[in-house]
Amino acid sequence: METSARLAVVSGGGGGIGRALCRELSQRGYEVVALGRDLRRLRDLEVLIARAADTGPPGHPPVRGVVCDVTDETETERVLSALGPVDVLVNNAGTAGSAPLHGTTLRSWHEHFAANATSAFLLTRHVVPGMRERGHGRVVFIASTAARAGTPYTAAYAASKHAMLGLARVVSAEVAGTGVTSNTVCPSFVRTPMTERSVRRIAERTGRTPEAARQALADSGPLGRLVEPEEVAAAVGYLVSDAAACVNGQSLVLDGGGIQT
């Protein structure tokens, strides 16, 4: 076990990828705080991982859910200040919608940037100074292949994920040589409830069955299937480990080789 009673914070902790992230970090010995807006989902997460996990510091639950709107500056500062020193931050909160450029509303544009970019900015801005003072820390951004390439009908989503990737790179440049690292994981379509909502939208708009719509997403890249949440979590597990101490400013693409860097 590489850690002992260190604190990891995961935004969007109640979602599909968030649950896998919390499980991975808990198994690595971190005290995990999952941030989200849905109290019921956070409580379900606590119960789920408490039943499955047999690791974690004595006297602490493997995962603790905390309600927080990470797009709100005041609320984010209040919650993080109460948590104390953060050793690992995983910026996983986000949203995804699709529309042609001419059908993308300003409201949708702002919502995507708030969830996908502003949340990461607020959380990272708060935790990085303490990490630098302590000489150790890990920040990981969960972006998307849409942060590396443009695709039709994703103007707001792709632009906001590009913004997240840009922020991660700026952070990596500012923390270089301090013992803190900033990296990004960029998966293609992941088997999550968010992807299932995309499947339903495709089915409704095209007349395909949900199964056919899901397969179309899987076939959109060379992997030929959806990425599993646990695969994203495993990538994060590596990036927060001591073995990745020299990895900084990188984006790890999980798509089977479609985007090669």
| field | Under 3.5 Å donor-acceptor, Thr192 side chain and Gly16 backbone | value | no
| Between the side chain of Ser119 and the main-chain N/O of Ala115, is any donor-acceptor distance below 3.5 Å? | yes
| Do His112 and Ser108 come within less than 4.5 Å of each other through their side chains, counting heavy atoms only? | yes
| query | Do the non-hydrogen side-chain atoms of Arg28 and Ser241 ever get within less than 4.5 Å of each other? | reply | yes
| said: Under 4.5 Å between side-chain heavy atoms, counting indirect links through other Ile/Leu/Val/Met/Phe/Trp/Tyr residues: same cluster for Val232 and Val240 or not? | reply: yes
| said: How close do Ala233 and Ala20 get, counting heavy atoms only, and between which atoms? | reply: CB-O, 3.4 Å
| Do Glu24 and Val10 come within less than 4.5 Å of each other through their side chains, counting heavy atoms only? | no
| query | Say you draw a straight line from CD of Gln215 to CZ of Arg225; how long is it, rounded to the nearest 0.5 Å? | reply | 12.0 Å
| query | Mind checking whether Val139 and Met131 have side chains closer than 4.5 Å, heavy atoms only? | reply | yes
| query | Rounded to the nearest 0.5 Å, what separation is found between the CZ atom of Arg138 and the CG atom of Asp242? | reply | 6.5 Å
| Is Glu196 salt-bridged to Arg200, going by a charged N under 4.0 Å from an acidic O? | no
| Any side-chain heavy-atom pair of Val33 and Val86 under 4.5 Å | no
| message | Between Arg41 (side chain only) and Gly14 (backbone N and O only), is there a donor and an acceptor less than 3.5 Å apart? | response | yes
| said: Would you say Leu21 ends up clustered with Tyr238 if hydrophobic residues are merged whenever their side chains have heavy atoms under 4.5 Å apart, either directly or through other cluster members? | reply: yes
| message | Side chains of Asn116 and Tyr157, heavy atoms from C-beta outward: is any pair under 4.5 Å? | response | yes
| request: Look only at the side chain of Arg134 and the backbone of Gly130, and say whether a donor-acceptor pair between them is shorter than 3.5 Å. | output: yes
| For the hydrophobic clusters of this structure (ILVMFWY residues joined by side-chain heavy atoms under 4.5 Å, transitively), does one cluster hold both Leu217 and Ile17? | no
| message | Could you go through Ser198 and Arg201, starting from their C-alpha distance and side-chain angles, then the distance that decides it, and tell me whether this counts as side chain to side chain donor-acceptor pair (under 3.5 Å)? | response | CA-CA 5 Å; Ser198 296; Arg201 286 196 297 268; 3.1 Å; yes
| request: Check for a donor-acceptor pair, side chain of Ser172 on one end and backbone N or O of Asn248 on the other, with a separation under 3.5 Å. | output: no
| note | Those residues at least two apart in sequence (or on a different chain) that pass salt bridge (charged side-chain N to carboxylate O under 4.0 Å, His left out) with Asp38 are none
| request: Step by step, work out the side chain to side chain contact (heavy atoms under 4.5 Å, CB included) result for Leu252 and Asn183. | output: CA-CA 8 Å; Leu252 181 55; Asn183 293 287; over 6 Å; no
| query | Do the side chains of Val9 and Val180 join up, straight or via other hydrophobic residues, at under 4.5 Å, putting them in one cluster? | reply | yes
| remark: Value for CG (Leu122) from OG1 (Thr74), rounded to nearest 0.5 Å, stands at 9.5 Å
| Is there a donor-acceptor contact under 3.5 Å from the side chain of Lys161 to the main chain of Ile142? | yes
| query | With no hydrogens and no angle check, is any side-chain donor or acceptor of Glu174 less than 3.5 Å from a backbone partner on Val171? | reply | no
| Side-chain (Ser26) to main-chain (Cys22) donor-acceptor, under 3.5 angstrom | no
| query | So which heavy atom on Arg148 is nearest to which on Cys186, and how close? | reply | CG-SG, 4.2 Å
| task | Please step through side chain to side chain contact (heavy atoms under 4.5 Å, CB included) for the pair Thr76 and Cys68, ending with a clear verdict. | result | CA-CA 7 Å; Thr76 299; Cys68 179; 4.2 Å; yes
| said: Can you tell me how far apart CG (Leu226) and OG (Ser188) are? Round to the nearest 0.5 Å. | reply: 8.0 Å
| Heavy-atom pair of closest approach, residues Ser160 and Ala117 | O-CB, 4.0 Å
| message | Looking at Glu73 and Arg125, is any side-chain nitrogen of the basic one under 4.0 Å from a carboxylate oxygen of the acidic one? | response | yes
| query | Arg23 versus Leu48: any side-chain heavy-atom pair under 4.5 Å? | reply | yes
| field | side chain to side chain contact (heavy atoms under 4.5 Å, CB included) between Val127 and Leu123, worked out | value | CA-CA 6 Å; Val127 305; Leu123 292 166; 5.7 Å; no
| task | List the atom of Gly94, the atom of Met194, and the distance in Å for their closest heavy-atom pair. | result | O-CE, 3.5 Å
| message | Within this structure, what is the CD1-CG distance for the pair Ile49 and Asp44, rounded to the nearest 0.5 Å? | response | 11.5 Å
| note | Given the options Val79, Asn92, Val90, Leu42, Leu35 meets side-chain contact (heavy atoms from CB on, under 4.5 Å) only with Val79
| task | Evaluate side chain to side chain contact (heavy atoms under 4.5 Å, CB included) for Thr95 paired with Arg197, printing each intermediate quantity in order. | result | CA-CA 11 Å; Thr95 191; Arg197 289 193 290 272; over 6 Å; no
| Gap separating the OG1 atom of Thr181 from the CG atom of Leu239, nearest 0.5 angstrom | 7.0 Å
| query | Looking only at heavy atoms, which two atoms of Ala34 and Leu45 are closest? And how far apart? | reply | CB-CD2, 3.6 Å
| Heavy-atom side-chain proximity of Leu7 to Pro85 below 4.5 angstrom | no
| task | Mind checking side chain to side chain contact (heavy atoms under 4.5 Å, CB included) for Ala212 and listing every partner two or more places apart, or none if nothing turns up? | result | Arg208, Thr209
| note | In short, Val63 meets Glu46 closest at the heavy-atom pair O-CG, 3.4 Å
| said: Between Ile259 and Leu223, is there shared hydrophobic-cluster membership here, with clusters defined by ILVMFWY side-chain heavy atoms closer than 4.5 Å? | reply: no
| field | With Phe121 via ring pair (Phe, Tyr, Trp, His ring centres under 6.0 Å) - residues at least two apart | value | none
